[in-house]
Amino acid sequence: YMKLSFVIPAYNEEKYLGKCLESVIRQSSKWSDIEIIVVNNASTDKTKEIALSYPGIKVVDEPRKGLVRARQTGYKASSGDLIANIDADAMVPDDWIKKAYKRFSANQNLVALSGPYIFYDLSQLTNLFTKVFYSIGYVIHRLSHLILRKGGMIQGGNFVLRRSALDKIGGFNVDEIEFYGEDTDIALRIQKEGKILFSFDFKMYTSGRRLSKEGVLTMGLRYAL
């Protein structure tokens, strides 16, 4: 038996948050103990009002803008044995919770589970390029995590952490990281507590708006670095 807490940071996400919450609620209704937390991260639009309009959603405020601060606030407000970190513009596949429970139940040494993004509003070519990027990253993950024990591959916005391990490493690194690198930092620190699994069948649908704005190559290089 494990309780699962969704933590969803949201900064001015009135356009996307509703679809995200509906995908989580639709799936959560099949399980007995799911908690959904939206972290209103200094929003100036109707993000908080939208979150509060859905029954059963817990809304907490984090007035200091920053993704990592929002994740930490949500983690502290949660009570689950597993912490599911997703983004407000994501849509959770129907079998996502089932796969998370199955993986963590099967391996008590598993401390982090992650998988790739599929951009529902970008072209097949862009998603193909992204898949190649993930494939290269997976090879590096196998080398760094399983052989060198120097971290692992976690996709920010699509990862589940075991609370006991997250507690041991002191949560998210709010002192040094605001946005880029939060997933890499978590992987580096939490791998000391157990296994990190990156599974290509643990996918998450999300918006490619940032990728489209910054450019595929630019963002790819930034994440690689």
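Computed from a predicted model, the values in this text were never measured in an experiment.
Without hydrogens or angle criteria, Arg71 side chain to Pro9 main chain gives no donor-acceptor distance under 3.5 Å. The main-chain N or O of Asp201 is found under 3.5 Å from a side-chain atom of Lys99 such that the two form a donor-acceptor pair. In this structure, the side chain of Asp183 does not engage the main chain of Gln155 through any donor-acceptor pair within 3.5 Å. Within the 3.5 Å criterion, the main-chain N or O of Val92 finds a donor-acceptor partner in the side chain of Ser23. Judged purely by atom type and a 3.5 angstrom limit, Glu62 has no side-chain atom pairing as donor or acceptor with the backbone of Val39. A donor-acceptor pair under 3.5 Å is formed between the side chain of Gln27 and the backbone N or O of Ile97.
A donor-acceptor contact closer than 3.5 angstrom links the side chains of Ser207 and Asp121. Side-chain contact of Tyr75 with Asp167: a donor-acceptor pair under 3.5 Å is present, judged by distance alone.
Counting only residues at least two apart or in different chains, ring pair (Phe, Tyr, Trp, His ring centres under 6.0 Å) contacts with residues 79-111 comprise Phe6-Trp96, Trp31-Tyr101, Trp96-Phe202. A salt bridge (charged side-chain N to carboxylate O under 4.0 Å, His left out) check over residues 36-56, counting only residues at least two apart or in different chains, returns the pairs Lys48-Asp61. Listed by first and then second residue, the ring pair (Phe, Tyr, Trp, His ring centres under 6.0 Å) pairs involving residues 32-71 amount to none (not counting sequence neighbours). Pairs passing the salt bridge (charged side-chain N to carboxylate O under 4.0 Å, His left out) check and including a residue from residues 2-21, sequence neighbours excluded, read Glu13-Arg209.
With side-chain heavy atoms closer than 4.5 Å counting as contact, directly or through intermediates, Tyr11 stands alone and belongs to no larger hydrophobic cluster.
Side-chain heavy atoms closer than 4.5 Å link hydrophobic residues (I, L, V, M, F, W, Y) into clusters, and following such links, even through other members, never connects Tyr205 to Leu113. By the rule that hydrophobic residues join a cluster once side-chain heavy atoms approach within less than 4.5 Å of another member, Leu17 and Ile36 end up as members of one cluster. Cluster annotation: Ile25 and Tyr16 are assigned to distinct hydrophobic clusters (Ile/Leu/Val/Met/Phe/Trp/Tyr, side-chain heavy-atom contacts under 4.5 Å, transitive).
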For a side chain to side chain donor-acceptor pair (under 3.5 Å) check, start with the C-alpha distance between Asp89 and Thr206, then their side-chain angles and the critical distance, and finish with the verdict. CA-CA 6 Å; Asp89 57 357; Thr206 193; 3.3 Å; yes
Please test Asp95 against Lys102 for salt bridge (Lys or Arg N to Asp or Glu O under 4.0 Å), starting from the C-alpha separation and ending with a verdict. CA-CA 11 Å; Asp95 57 355; Lys102 183 177 180 180; over 6 Å; no
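Among residues two or more places apart in sequence or in another chain, the salt bridge (Lys or Arg N to Asp or Glu O under 4.0 Å) test is passed with Arg163 by none.
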